[in-house]
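Written below as structure tokens is the structure these notes are about.
Along the sequence shown, residues are numbered consecutively beginning with 1. Because only heavy atoms are used, hydrogens play no part in the values below, and waters and symmetry mates are left out as well, while side chains stay in. Values in this document were obtained by computation on a predicted structure and should not be read as measured data.
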Amino acid sequence: MICAIWILLGSSNGFMFLYVCQIKYDDKRRAVAFTATEFCGNVAWYGDFVKNSIVVCIFMIIDIITVIKVRKVRLFAANNRNKNNESISEREKRFLKQTISQGTIFMVELITWFSIAKITSNQVIIFLLSGYAFIAVHVLDGIIVLMLNPEIRSFLRCTKNQSMVNLVNISVVKAV
């Protein structure tokens with residue numbers, strides 16, 4: 001079923017973007033754009049902007065709900081052990097910051113990509129806020145991950161994170 005869906009969507013999208021609404025570099029706007037027809041404008045708006053905006057919002061909502069559920073389970077377990085651990089952990093705070101930051105950056109990129117040509121006719125601004133924004137969003141995504149995840153930073157620096165060492169030691173002890 002999953003393969004059939006992928007084949008159906010891939011072939012319909014491939015046909016749409018290769019033959020009906022091609023994505024090409026527009027010399028006049030100095031940006032990558034769909035074929036300039038009303039139909040392709042609707043495809044770009046609904047099939048790209050609206051769909052991607054909804055997906056980003058859904059991911060943010062799912063991530064926030066996940067943090068809330070994990071916190072409830074943790075609080076339930078802590079209350080059963082007669083410990084009152086009501087505060088949100090640093091890890092949960094970092095995860096929420098990461099989720100909100102990444103979602104915001106992706107939404108800003110989508111908005112600039114689709115609305116900047118309607119606001120200005122300056123070709124340099126259009127180029128920077130369309131093509132450059134697409135690249136910048138992925139760079140900023142990686143920077144956010146590095147800033148908010150000390151485990152990844154310590155892995156990249158090849159240093160041992162004490163909490164990771166303890167986790168590995170506990171896993172080894174349990175396995176034995």
hydrophobic_cluster_shared for L110 and I23, side chain cutoff 4.5 Å: yes
Straight-line distance of I61 CD1 to T66 OG1, nearest 0.5 Å: 11.5 Å
OG1 on T104 to CD on E109, rounded to 0.5 Å: 13.0 Å
Positive for side-chain contact (heavy atoms from CB on, under 4.5 Å) with I143, one of V139, D141, L146: V139
Under 3.5 Å: donor-acceptor pair, side chain of T35, backbone of T37: no
Interatomic spacing from CD1 in I7 to OG in S12 - rounded to 0.5 Å: 12.0 Å
Which atom of L148 lies closest to which atom of R153, heavy atoms considered: N-NH1, 4.0 Å
Spacing of CD1 belonging to I119 relative to OG1 belonging to T112, to within rounding of 0.5 Å: 9.5 Å
S101 (side chain) donor-acceptor with Q98 (main chain) under 3.5 angstrom: no
Heavy-atom closest contact (F39 atom, C21 atom, distance): CD2-SG, 3.8 Å
Residues E151 and R94 bridged, charged N to O under 4.0 Å: yes
Shared hydrophobic cluster, I64 / I54 (ILVMFWY, side-chain heavy atoms < 4.5 Å): yes
Main-chain N/O of D48 paired to N52 side chain as donor or acceptor, under 3.5 Å: yes
Contact check, side chains of I111 and F49, non-hydrogen atoms, under 4.5 Å: yes
Single-linkage hydrophobic cluster L9~V20, side-chain heavy atoms < 4.5 angstrom: no
Approximate separation, where rounding is to 0.5 Å, of R157 CZ and I152 CD1: 12.0 Å
Heavy-atom side-chain contact between M1 and W6 under 4.5 Å: no
Same cluster (ILVMFWY, side-chain, under 4.5 Å), I62 and V70: no
Nearest-0.5 Å distance that lies between atom CD1 in I100 and atom CD1 in I105: 12.0 Å
Single-linkage hydrophobic cluster F106~V55, side-chain heavy atoms < 4.5 angstrom: no
